[in-house]
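A quick write-up on the structure given underneath.
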Amino acid sequence: MHRKKYPFIAGFLVLPVGLYVLLVIWPYLQTISYSFTDWSGASQNFNFVGLDNYKDLANDDVFIKALQHNALLLVLVPTLTILLSLFFAFMVNVGGRGGAGGVSGVKGSAFYRVIFFFPQVLSIAILAILFKAVYRGDDSGLINGTLQAVGLGDKNNPTEWLNDPDLVLWCIVFVMIWAGAGFYMVLFSAAMQSIPKDIYEAALLDGAGRFQTFFRVTLPLLWETIQTAWVFLAILSMDAFLLISTLTSQDFGGGPDHSSEVISTYLMRNFQTYSKSGYACAMGVVMLLLTLIVSIVTLRLSRRDRIEF
Amino acid sequence: MTAPATQPPVTKAKVPSQRGSGSGPGRDGMEGRTLNAFSHGFLVLWAVMIVLPLFWILLGNFKTDSQIKSSAWTWPTEWTFDAFQRGWEKGVGDYLLNTLIVMIVSVPLTMLLGAMAAYVLARYDFVGNRFVYYFFVAGSMFPVFLALVPLYFMVDRLGMLNTYQGLILVYVAYSLPFTVFYLHSFFRTLPTAVHEAAVIDGASHTRVFFQIMVPMAKPGLISVGIFNVLGQWNQYILPLTLMQKQSGGDEDRSMLAQGLVSLMNQGNYETDLPALYAGMTISMIPVLVVYLSFQRQVQSGLTAATIK
């Protein structure tokens with residue numbers, strides 16, 4: 001029965017595991033060791049400099065600014081996305097009333113599910129081209145054009161959305177929510193559908209309104225999924241690189257004048273433009289630590305009794 | 001299940017109004033209807049906010065450059081596909097070809113290696129099984145970003161910067177964690193009886209895998225395959241880092257997403273936005289087709305990626 005079992009196992013595992021270790025695990029580990037060097041990246045010569053890179057980071061104004069922007073994104077994006085998608089999911093699954101079973105989504109639920117989710121499958125490149133056009137600084141941009149069409153915009157002085165230091169980060173936040181809300185709606189929908197209908201029916205018979213049903217039935221039973229979503233969104237906003245680097249000005253994004261700088265854009269600029277690979281790796285490690293801290297804190301803070309159903 | 005049981009007294013006040021009307025608008029009263037209008041309005045508004053920008057860009061394919069730049073609300077006067085041709089010639093055709101060359105190899109290879117690893121991990125007991133499995137799962141927890149600098153030099157050392165085979169290997173490696181994770185749970189659910197019967201009949205382990213398990217796992221393979229097709233088609237950061245020209249004579253092997261963004265940034269399209277929009281449309285159509293045809297698998301696949 002077990003003839004040639006081990007050669008078979010080894011044969012099936014060697015390629016996937018080998019490739020994975022070589023190109024995924026090993027680079028992750030190397031990031032940590034390079035962060036203690038003054039490596040430029042151009043040659044294989046580097047010196048061990050201990051914690052110097054980390055000390056430099058602590059005194060680097062741009063990095064501090066980037067860190068603050070990351071913190072802002074970390075709070076705003078998950079909170080807003082989750083609130084919005086919870087609302088959508090509730091409407092689509094239990095928002096409708098009057099069906100035979102008493103619990104159903106609003107009309108057109110299937111349609112909303114398809115449409116809202118769509119941005120999730122679009123590439124960052126598409127999002128970049130799309131929102132460059134939407135945010136364009138003259139009246140040919142979709143937002144400026146629309147504002148002017150309804151008489152709200154100033155034709156002589158249109159808003160330069162992505163070049164305004166006060167607005168640029170908010171523009172990014174909006175795109176992240178725009179792209180993500182549908183995905184989390186589907187995620188929460190799946191969780192809501194696993195809640196037995198009789199719980200809702202019982203609440204309905206007790207005369208619970210929609211608000212009560214939501215806050216007293218849905219929310220507590222969804223807590224674990226929300227927690228997962230928060231961690232996932234936090235990690236996502238940690239690396240807002242793709243969007244920011246494509247939408248904002250400067251090498252690898254972050255402009256104007258670092259007002260949308262995040263760690264990842266600064267990391268890439270140090271790596272590719274300034275040839276400071278060791279320094280870039282140190283930023284990578286800071287990001288890694290922050291990601292871990294956020295995940296652990298979220299999981300601890302929101303720990304509740306598991307609800308069985 | 002204690003939460004719903006602790007309802008406040010407010011509920012009692014509402015009970016009488018419910019009697020007798022099993023369904024119908026009367027149940028929720030005014031609060032319900034206002035909320036209803038508001039929520040419906042919001043759902044519609046969000047749908048418009050998703051569809052309108054996309055539709056607006058698609059319309060841009062048929063406008064002239066000056067029409068696009070003069071005002072947001074112009075309507076195309078001539079419905080021609082010239083922009084597609086111009087975009088194609090400016091590089092989109094090449095980028096599309098590059099992307100297809102890479103994906104024709106990388107997607108099947110991802111599936112094959114992923115299925116092999118997942119199968120062995122799911123169905124065979126051996127020392128270190130759990131360790132290898134968690135090793136794979138852990139890899140999908142961190143952003144690719146953190147590995148980017150060393151990855152670049154690793155691929156460089158292999159002499160594979162700006163080569164198709166280099167990007168293929170990297171795509172496969174970074175797609176493995178989710179593929180293994182998803183297929184692992186799938187192989188576990190398959191019945192063992194068929195497998196055992198085949199082994200008694202003298203089939204080798206390899207034969208059992210290819211002739212029995214793979215066909216049985218087809219639904220799972222399709223789901224994760226769609227996930228990989230979308231993911232690799234839309235990949236941006238890996239090609240941006242690894243597919244750069246190494247010298248003046250080196251060929252431009254940009255992937256579609258990467259090529260479009262660099263065209264946008266280089267200003268090649270400064271005077272021809274319709275062509276850029278056409279390039280975007282070309283790269284969006286396959287995604288749209290895959291998404292609309294496999295909408296359920298895409299949604300469940302991506303959702304499974306989150307809940308680990």
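Just so it is clear, the structure is predicted and the values come from calculations on it, not from any experiment. Here is how names work: the chains are called A, B, and so on, in the same order as the sequence lines, proteins then strands, and each is numbered from 1.
Ring orientation note: the planes of A/W178 and A/F131 are nearly perpendicular, at an angle over 60° on the 30°/60° scale. Classified by interplanar angle (parallel below 30°, tilted 30° to 60°, perpendicular above 60°), the ring pair B/F131/B/F135 is parallel.
Two residues are said to be in side-chain contact when any heavy atoms from C-beta on lie closer than 4.5 Å; B/L260 and B/Y95 fail this criterion. In this structure the side chain of A/R136 never reaches within 4.5 angstrom of the side chain of A/L142, judged on heavy atoms. A/Y184 places a side-chain heavy atom less than 4.5 Å from the side chain of A/F232. Put simply, the side chain of B/P239 reaches to within 4.5 Å of the side chain of B/Y171, judged on heavy atoms. Within the 4.5 Å cutoff, side-chain heavy atoms of A/Y135 are placed close to those of A/V175. A 4.5 Å side-chain heavy-atom check between A/F241 and A/F252 finds at least one atom pair inside the cut-off. Within the 4.5 Å cutoff, the side chain of B/T179 has no heavy atoms near those of the B/F227 side chain. Between A/I199 and A/P196, some side-chain heavy-atom pair lies under the 4.5 Å cut-off.
Only the side chain of B/I57 comes within contact range of chain A, with heavy atoms under 4.5 Å apart. Both the backbone and the side chain of B/W46 come within contact range of chain A, judged by heavy atoms closer than 4.5 Å. Proximity to chain A (any heavy atom under 4.5 Å) is shown, for B/L109, by neither the backbone nor the side chain. When heavy atoms are compared at a cutoff of 4.5 Å, B/M49 approaches chain A by way of both its backbone and its side chain. In this structure, the portion of A/Y34 lying under 4.5 Å from any heavy atom of chain B is its side chain and not its backbone. Proximity to chain A is limited to the side chain of B/R157, based on heavy atoms less than 4.5 angstrom apart. In this structure, chain B has no heavy atom under 4.5 Å from any part of A/S295. Looking at B/V51, only its side chain comes within 4.5 Å of chain A, counting heavy atoms on both sides. Only the side chain of A/Y112 comes within less than 4.5 Å of a heavy atom in chain B; its backbone stays farther off. Within the 4.5 angstrom heavy-atom criterion, atoms from both the backbone and the side chain of A/I177 approach chain B. With a 4.5 angstrom heavy-atom cutoff, B/L112 does not touch chain A via any of its atoms. In this structure, the portion of B/F209 lying under 4.5 Å from any heavy atom of chain A is its side chain and not its backbone. Contacts between B/V180 and chain A at a heavy-atom distance below 4.5 Å are absent for every atom of the residue. For chain A, the nearby parts of B/Q299 are the backbone and the side chain; heavy atoms of each come within less than 4.5 Å. For B/Y174, the parts lying near chain A are the backbone and the side chain together; criterion is any non-hydrogen pair under 4.5 Å. Interface remark: A/F215 contributes no atoms to any contact with chain B (heavy atom separation under 4.5 Å). Proximity to chain A is limited to the side chain of B/L176, based on heavy atoms less than 4.5 angstrom apart. Contact annotation for B/L230: only side-chain heavy atoms (C-beta onward) come within less than 4.5 Å of a heavy atom of chain A. Both the backbone and the side chain of A/L288 come within contact range of chain B, with heavy atoms under 4.5 Å apart. With a 4.5 Å cut-off on non-hydrogen atoms, A/L292 touches chain B through its side chain but not through its backbone. Within the 4.5 angstrom heavy-atom criterion, only side-chain atoms of A/F271, from C-beta onward, approach chain B. A/A181 touches chain B through its side chain: at least one heavy atom from C-beta onward sits under 4.5 Å away, while N, CA, C and O do not.
Here A/M268 is the residue among A/M268, A/Q148, A/M238 with the most heavy-atom pairs under 4.5 Å with chain B. Contacts with chain A were tallied for B/T74, B/V144, B/V120, B/L52; B/V120 has the most, counting heavy-atom pairs under 4.5 Å. Counting heavy-atom pairs closer than 4.5 Å to chain A, the top-ranked of the candidates B/V290, B/V298, B/L288, B/T281 is B/L288. Ranked by heavy-atom pairs under 4.5 Å with chain B, the first of A/V121, A/T291, A/L29 is A/V121. Contact count against chain A (heavy-atom pairs under 4.5 Å) is highest for B/P150 among B/A117, B/G60, B/P150, B/A47. Taking A/A128, A/A133, A/G182 one by one and counting their heavy-atom pairs under 4.5 Å with chain B, the maximum is reached by A/A133. Heavy-atom pairs under 4.5 Å with chain A peak, among B/Q235, B/M284, B/Q67, at B/M284. The most heavy-atom pairs under 4.5 Å with chain B, out of A/L242, A/V14, A/L15, A/I143, come from A/L242. Heavy-atom pairs under 4.5 Å with chain B peak, among A/D138, A/V21, A/L84, A/N144, at A/L84. Of the residues considered (A/L130, A/V186, A/I115, A/L13), A/L130 shows the highest number of contacts with chain B, using heavy-atom pairs under 4.5 Å.
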Inset, instruction - May I have the step-by-step check of ring-ring contact (aromatic ring centres under 6.0 Å, His included) for A/F12 and B/H205, ending in yes or no? - result: CA-CA 10 Å; A/F12 261 36; B/H205 293 289; 9.3 Å; no
Legend entry - Working for ring-ring contact (aromatic ring centres under 6.0 Å, His included), residues B/F153 and A/W39: CA-CA 12 Å; B/F153 291 104; A/W39 187 34; 4.4 Å; yes
Inset, instruction - I would like to know whether B/Q258 and B/Q244 meet side-chain hydrogen bond (donor to acceptor under 3.5 Å, both in side chains); could you show each step before the answer? - result: CA-CA 10 Å; B/Q258 167 202 12; B/Q244 298 164 329; over 6 Å; no
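Distance check, rounded to the nearest 0.5 Å: CD of A/Q120 to OG1 of B/T303 gives 9.0 Å. To the nearest 0.5 angstrom, B/L146 atom CG is 13.0 Å from A/M283 atom CE.
For B/F55, the CZ atom sits in a loose shell: 12 or fewer heavy atoms of surrounding residues, nucleotides or ligands are nearer than 6.0 Å. Around the CH2 atom of A/W26, the shell of radius 6.0 Å holds no more than 12 heavy atoms that belong to other residues, nucleotides or ligands.
Residues A/Y6 and B/F126 place their aromatic rings such that the two centres sit no closer than 6.0 Å.
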